[in-house]
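Notes to accompany the following structure.
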Amino acid sequence: VHPIDWSFVSASGEATKQWQCPRGDFLRNYLHPHGHHSAAASPATHLIHALAISPAGDSLVSAGADGFLSFFDWPSSACYLQLRIPLHPG
């Protein structure tokens, strides 16, 4: 849940989306240039394990099964940074 604008994000195997409370109106998609939901990603790596919104409400980060951390500008939904971390079994 966003700390200021009363909206929230969800993730599925197809997209990370922003919704407006209280009715749940769709607002926008957050597009991942690489990993998570990209065309090159395999179905097994489409899982998003975590989503977090910064306390100031200006950034969103997603962490996926593919090892990518994707950082987005909240107002524009633009991805401004991606990091790939080594995958560990377990």
Side-chain angles (χ1 to χ4, degrees):
V1 176
H2 193 276
I4 299 167
D5 73 4
W6 219 41
S7 63
F8 64 97
V9 289
S10 66
S12 69
E14 297 164 358
T16 300
K17 298 178 179 285
Q18 181 184 0
W19 308 90
Q20 187 69 50
C21 296
R23 294 184 2 208
D25 296 328
F26 172 75
L27 296 175
R28 69 182 61 137
N29 283 313
Y30 288 82
L31 303 176
H32 301 262
H34 304 288
H36 297 345
H37 310 300
S38 72
S42 71
T45 62
H46 284 197
L47 296 174
I48 302 293
H49 289 292
L51 293 168
I53 301 169
S54 67
D58 57 352
S59 296
L60 166 71
V61 63
S62 67
D66 54 6
F68 276 99
L69 293 173
S70 299
F71 295 82
F72 297 91
D73 175 64
W74 182 264
S76 71
S77 72
C79 183
Y80 63 85
L81 177 65
Q82 279 197 311
L83 303 172
R84 181 110 192 231
I85 58 171
L87 298 177
H88 298 284

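This chain uses plain numbering: 1 for the first residue, then up along the sequence.
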Going by side chain to side chain contact (heavy atoms under 4.5 Å, CB included), name the residues that satisfy it together with [X], two or more places apart in sequence or in a different chain.
{"X": "Phe8", "value": "Val1, Trp19, Cys21"}
{"X": "Asn29", "value": "Ala15, Lys17, Phe26, Leu31"}
{"X": "Ser7", "value": "His2, Asp5, Gln18, Gln20, Leu27, Trp74"}
{"X": "Asp58", "value": "Ser54, Ala56"}

Quick check: closest heavy atoms across [X] and [Y], and the distance to 0.1 Å?
{"X": "Asp73", "Y": "Tyr30", "result": "O-CE2, 4.1 Å"}
{"X": "Leu87", "Y": "Ala65", "result": "CD2-O, 3.5 Å"}
{"X": "Ser70", "Y": "Cys79", "result": "CB-SG, 4.4 Å"}

ask   = Taking atom CG of Asp66 and atom CD1 of Ile48, what is their separation to the nearest 0.5 Å?
value =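 That separation rounds to 7.0 Å.
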query = Would Ser77 and Phe72 satisfy side-chain contact (heavy atoms from CB on, under 4.5 Å), going step by step from the backbone distance to the final call?
reply = CA-CA 6 Å; Ser77 72; Phe72 297 91; 5.6 Å; no
task = Evaluate the side-chain proximity of Ser62 to Phe68: yes if any heavy-atom separation is below 4.5 Å, no if none is.
result =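 No. Closest side-chain heavy atoms not under 4.5 Å.
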ask   = According to a 4.5 Å side-chain heavy-atom criterion applied to Ile, Leu, Val, Met, Phe, Trp and Tyr, with indirect links allowed, do Tyr80 and Leu69 form part of one hydrophobic cluster?
value =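 Yes, one cluster joins them.
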